[in-house]
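All remarks here apply to the structure that follows.
Keep in mind that what you see is a predicted model, and the values were worked out from it rather than measured.
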Amino acid sequence: MYYNSTRNSGVKITAAEAIVQGISLDGGLFLPCKIPALSMEKIAGLGDIRYSKRAAFIFSKYLTDFTEEEIRYCTESAYNDKSFDSENIVEMENIAEGVYLLELWRGPTCAFKDMALQILPYLLSVSAKKININKEIVILTATSGDTGKAALDGFKDVDGTKIIVFYPDEGVSAIQKLQMTTQDGDNVAVCGVRGNFDDCQSGVKALFTDLEVNKLLEEKGMVFSSANSINWGRLLPQIVYYVSSYALLVKNGDIKAGEKINIAVPTGNFGNILAAYLAMEMGIPVNKFICASNKNNVLTDFIKTGVYDKNREFFTTLSPSMDILISSNLERLLYIMCGRDDTLVKEWFDKLAKDGRYEVTDTLKAKLAESFYGGFCDDEQTKETIKEIYDKYSYTLDTHTAAAVRVYEDYKAETGDCLKTVIASTASPYKFGNSVIEAITSEPLPAATDEFAVIDKLFKLSGMSVPQSLSELKNKKVRFDTVIGKDELQAYVFKTINS
């Protein structure tokens with residue numbers, strides 16, 4: 001299995017090279033030359049084995065330059081009860097007739113990013129050895145809240161690596177910021193940016209192709225890689241839980257093998273929902289992908305019109321991990337849907353870089369409409385949904401999952417589609433406690449309420465056990481308090497790798 005760049009189909013590299021490199025030198029993203037197909041018999045059979053073995057089976061179809069032993073080492077090291085608080089790794093909660101919440105936040109940082117970032121360090125270390133990389137790997141990551149902590153936790157004190165995380169200083173929750181700024185590990189660095197996530201992401205992407213920066217790294221015996229979902233090693237593990245969820249629905253008798261389902265995902269950077277689409281390409285029968293946004297509804301507009309336009313007001317919302325106007329992984333979807341026409345993809349993304357806008361072909365608009373439904377909800381609707389689900393089902397949603405539930409309900413009301421639906425639940429409500437409590441009680445907490453009083457109050461309301469990793473934050477000191485301008489990322493990286 002070889003990998004192309006979305007902006008140059010002539011690129012042909014191995015999985016190990018794609019994982020180490022992170023992003024193509026032409027600015028494109030790596031995708032396998034062909035998406036491997038699974039028979040329905042194979043998919044249904046995955047329900048009878050544990051999660052780490054399901055992952056190993058799916059990885060074997062993509063990581064053909066890895067040995068069976070190497071893949072098993074990665075999956076068994078990542079997916080176990082030491083890292084996750086559920087022996088199933090992922091749980092599915094059937095909250096209503098035909099509606100299943102796929103709880104992806106049972107890992108150490110209480111967010112779905114753990115599903116990929118617990119295994120990425122193993123994939124990266126094995127990949128580096130396979131291609132004889134003896135340089136120190138510098139993981140450069142932009143985060144809208146959850147990726148940063150999950151990456152820091154996965155890579156802390158991993159030999160041969162450094163990790164630098166940039167986050168929007170005023171664009172993450174109090175708990176998310178505390179998780180990052182108290183991070184332990186001798187090889188980690190965390191920095192706030194005066195700007196939004198798109199500023200962080202654009203700055204990081206620019207550094208990957210900055211000749212001056214790469215020359216300095218070369219002199220230092222270092223090489224860049226990424227922990228963002230632009231890295232194939234981040235995206236591949238996400239395919240697993242969608243294939244896995246379908247297999248479990250079949251095993252539990254909720255659906256028959258071959259029966260179509262819907263999948264609803266709260267998304268900003270488009271990686272999580274793209275993984276669901278790739279699971280369909282492998283053989284999961286999906287009727288509709290329901291793409292849920294918050295008030296930053298650039299994806300909703302794109303799915304409905306075929307015009308991607310980031311030239312709009314940016315909103316800071318109650319669901320900060322979705323506060324994004326440049327959805328990087330959309331590039332991979334468009335590359336697949338346009339028949340891998342790299343010239344066309346490059347033209348669109350050059351226009352996005354230059355004008356902040358592009359429009360796809362009529363043929364592609366029709367394909368988008370056939371597979372995707374786009375919707376969004378504002379903060380008030382998010383809170384209404386949290387309250388509604390809490391009152392009706394005694395279940396507590398976080399602010400991102402609530403957006404997906406609301407958009408799914410809108411889709412169902414608009415179309416009358418009652419197919420069984422899996423909704424990706426992407427974070428523990430404890431990570432956004434202020435907003436969740438306000439939604440449930442209809443009363444804002446006093447401004448001076450600290451994060452741990454919030455956790456205590458939410459525990460009393462929800463009855464959900466408090467994740468140990470969050471309760472332990474109370475005794476941790478802030479290590480990283482630097483905040484820089486959006487044009488200062490290069491200087492910060494220089495300072496960090498020179499220290």
Side-chain angles (χ1 to χ4, degrees), residues 90-106 110-113 144-146 171-176 262-269 272-273 276 289-297 299-300 315-324 373-414 421-445 454-455 457-459 461-464 467 470:
V90 173
E91 296 291 340
M92 268 205 299
E93 187 76 20
N94 183 195
I95 62 164
E97 181 67 31
V99 180
Y100 304 84
L101 288 177
L102 186 64
E103 295 179 343
L104 300 169
W105 39 264
R106 299 289 182 162
C110 310
F112 81 100
K113 306 295 175 74
S144 54
D146 287 332
V172 298
S173 76
I175 284 289
Q176 286 176 313
N262 296 320
I263 296 176
V265 185
T267 191
N269 215 19
N272 202 359
I273 197 165
F289 297 97
I290 300 162
C291 180
S293 301
N294 59 20
K295 200 173 180 180
N296 293 295
N297 60 342
L299 284 169
T300 305
F315 298 99
T316 300
T317 74
L318 300 181
S319 44
S321 297
M322 298 156 68
D323 290 348
I324 295 171
Y373 171 90
F376 75 99
C377 69
D378 61 23
D379 284 350
E380 285 306 310
Q381 292 168 321
T382 297
K383 289 189 286 187
E384 287 170 8
T385 305
I386 291 171
K387 173 69 169 167
E388 176 189 329
I389 299 300
Y390 178 84
D391 288 344
K392 198 170 182 180
Y393 304 112
S394 299
Y395 188 93
T396 308
L397 299 170
D398 83 287
T399 51
H400 303 74
T401 308
V405 170
R406 177 60 176 250
V407 172
Y408 164 69
E409 290 173 347
D410 291 345
Y411 167 78
K412 188 175 178 181
E414 183 179 322
T421 298
V422 172
I423 301 177
S425 179
T426 55
S428 165
Y430 282 106
K431 297 195 75 169
F432 308 94
N434 273 333
S435 301
V436 174
I437 291 169
E438 184 177 338
I440 292 171
T441 65
S442 301
E443 295 178 4
L445 290 167
V454 171
I455 287 174
K457 186 170 179 64
L458 185 54
F459 171 71
L461 284 169
S462 69
M464 294 175 64
L470 298 187

Test item: I437 and L461 side chains (from C-beta on) under 4.5 Å apart, heavy atoms: yes

Side-chain heavy-atom pair L445, K457 within 4.5 angstrom cut-off: yes

Ion pair E388/R406, N-O distance below 4.0 Å: no

Distance, nearest 0.5 Å, that separates CG of N269 from CE of M322: 12.0 Å

Side chain to side chain, T426 and D146, heavy atoms closer than 4.5 Å: no

NZ (K383) with more than 12 external heavy atoms under 6.0 Å: yes

K387 atom NZ, over 12 foreign heavy atoms within 6.0 Å: yes

N272 and T267: side chain donor to acceptor below 3.5 Å: no

Exam field: side chain S173 to backbone K431, donor-acceptor pair closer than 3.5 Å: yes

T300 side chain reached by V407 side chain, heavy atoms, under 4.5 Å: no

Value rounded to 0.5 Å, distance of CD1 in I423 from CD1 in I263: 11.0 Å

Spacing of D378 atom CG and E384 atom CD [to the nearest 0.5 Å]: 7.5 Å

Least distance between heavy atoms, L397 atom then A402 atom: CD1-CA, 3.9 Å

Over all atoms of both residues, closest heavy-atom pair of A264 and Y408: CB-CB, 4.4 Å

Rounded distance (nearest 0.5 Å) linking atom OG1 of T382 with atom CZ of F432: 11.5 Å

Nearest non-hydrogen partners of A403 and C377, listed with the distance: CA-SG, 3.6 Å

Heavy-atom check, side chain of C110 versus side chain of L470, under 4.5 Å: yes

Sub-4.5 Å side-chain heavy-atom contact between D410 and Y373: yes

Identified side chain to side chain contact (heavy atoms under 4.5 Å, CB included) counterpart of Y395 within the set I389, T401, V405, I386: I389

S319: which of T399, N296, D379, N294 passes side-chain hydrogen bond (donor to acceptor under 3.5 Å, both in side chains): N294

CH2-NE2 distance between W105 and H400, expressed to the nearest 0.5 angstrom: 14.5 Å

Taking every non-hydrogen atom, the tightest pair across S144 and S321: OG-O, 3.2 Å

Minimum heavy-atom distance between P429 and V436, given as atom pair plus value: O-CG2, 3.9 Å

Sidechain-backbone polar pair: Y411 side chain, G375 backbone, donor-acceptor under 3.5 Å: no

Heavy-atom closest contact (V99 atom, N94 atom, distance): O-ND2, 3.0 Å

Reported CE-to-OG distance for the pair M464 and S428, which is rounded to 0.5 angstrom: 5.0 Å

Student check: side-chain heavy atoms of Y430 and P467 closer than 4.5 Å: yes

